[in-house]
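Everything on this sheet refers to the single structure shown next.
One is the number of the first residue; the rest follow in order along the sequence.
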Amino acid sequence: MKPQIIRVRNENNDFQYVETLRRNRSKRHQAREFVVEGVRAINGLLAAGWPISTFLYSHERQLSGWATDILAASSAKRHLELSNPLLDKLSGKEESSELLAVATIPQDDLRRIPHRGDLRVVLLDRPANPGNLGTIIRTCDALGVDGVIISGHAVDLYSPETLNASAGSLFALPIVRIAGPADLMPWLTAVRDLDNGLHIVGTSAKGAIAISEHHFQLPTLLLIGNETWGLSAAYKELCDVLVTIPMGGTASSLNVANATAIILYELDRQLRQHQP
């Protein structure tokens, strides 16, 4: 069925709905929809096959071949044709994108994370900064992580700031939100039943073992703490080991996104080094 084309010439209900999704976290999660903007993000959204309810574009612009092809193949329910000023108001960029999409938020089900022999999963305990969260997701995508778990009260995964920082990687791997450690336990038990070699590795400035001295060859659940408070006591108790990044100079800590990248690179390096 072809999408319904709706011409929007003022800030009507259709416009206000999308505008609210952009700025209001509660509305996003009530509606289970969020706004996606940018070539890389929309390409990632389409490649991952996430459901899209709406595409938005300006009827006053000559669309590129990229945008024209996407609209021609669209399975969205609606296409909203806006004026340039209205599209500019919805855009989060200095120069608004050709296309915006309204996509469906997937269910937070830990079974979305596939199990494999060399499982690599990152759990983020109460991440508080959207730039850090998006950057960590991008790093996880680049370094072969199988899934990301976001635990506790955290910055919104589907905010425009997080999406921008992830540079499209948000759609490349399963990311699941849970309320806390209790929600992790059934999944953790199931994974350990499949492979009792799963190692839970926590990160701490006071960790006893340097990352280069820890053997990451086992399937790993890597726990990353909050930017200010680190890992909660409950997650520390789950850990088989706490690792640290040796540092010199006067710095007492690293940005959490930078620290996560360093640890994941060491994990990936060790796995590649031991591949037959």
In this structure, are over 12 heavy atoms from other groups packed under 6.0 Å from [X] atom [atom1]?
X: R111; atom1: CZ; value: no
X: R269; atom1: CZ; value: yes
X: Q62; atom1: CD; value: no
X: N13; atom1: CG; value: no

Within a strict 4.5 Å, meaning less than it, do heavy atoms of the [X] and [Y] side chains meet?
X: L264; Y: C140; value: yes
X: C239; Y: L223; value: yes
X: V148; Y: L124; value: yes
X: V145; Y: L267; value: no
X: V256; Y: T203; value: no
X: L90; Y: E37; value: no
X: K77; Y: M1; value: no
X: K93; Y: N164; value: yes

Testing I150, D108, I149 for side-chain contact (heavy atoms from CB on, under 4.5 Å) with I178, which one passes?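 Result: among I150, D108, I149, I149 is the only option passing the side-chain contact (heavy atoms from CB on, under 4.5 Å) with I178.
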Is R40 salt-bridged to D141, going by a charged N under 4.0 Å from an acidic O?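 Not counted as a salt bridge, because no side-chain N and carboxylate O are separated by less than 4.0 Å.
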Honestly curious: do [X] and [Y] fall in one hydrophobic cluster under the side-chain, below-4.5 Å linking rule?
X: Y235; Y: W187; result: yes
X: L170; Y: L46; result: yes
X: L242; Y: I245; result: no
X: F216; Y: L218; result: no
X: L45; Y: L100; result: no

Between [X] and [Y] (side chain of the first, backbone of the second, donor and acceptor by atom type, cut-off under 3.5 Å), is there such a pair?
X: T139; Y: T135; answer: yes
X: R32; Y: T104; answer: no
X: T244; Y: S204; answer: yes
X: S159; Y: T162; answer: yes
X: N258; Y: L254; answer: no
X: R112; Y: Q107; answer: yes
X: S91; Y: L87; answer: no

Testing the basics here: between [X] and [Y], what is the closest heavy-atom pair and its distance to 0.1 Å?
X: E60; Y: P85; answer: OE1-CD, 4.1 Å
X: E227; Y: R126; answer: OE1-O, 4.1 Å
X: L133; Y: P127; answer: CD1-CG, 4.4 Å
X: S97; Y: G38; answer: OG-N, 3.7 Å
X: V8; Y: N10; answer: CG1-O, 3.2 Å
X: H29; Y: D156; answer: NE2-OD1, 2.8 Å

Can you tell me how far the CD atom of E33 sits from the OG1 atom of T54, to the nearest 0.5 Å?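 Here the rounded value is 6.5 Å.
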When rounded to the nearest 0.5 angstrom, what distance separates CG in L222 from CZ in R120?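 Reported value, rounded in 0.5 Å steps: 11.5 Å.
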Indicate whether the side chain of D125 and that of W229 have a donor and an acceptor atom separated by less than 3.5 Å.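 Their side chains do not contain a donor-acceptor pair, so the 3.5 Å distance test is not met.
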Take the angle between the ring planes of W50 and F171 and call it parallel below 30°, perpendicular above 60°, tilted in between.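 Aromatic pair W50/F171 classed perpendicular.
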Quick one, E19 with R22, criterion salt bridge (Lys or Arg N to Asp or Glu O under 4.0 Å). Give me CA distance, side-chain angles, the key distance, then yes/no. CA-CA 5 Å; E19 192 274 333; R22 280 198 58 86; over 6 Å; no
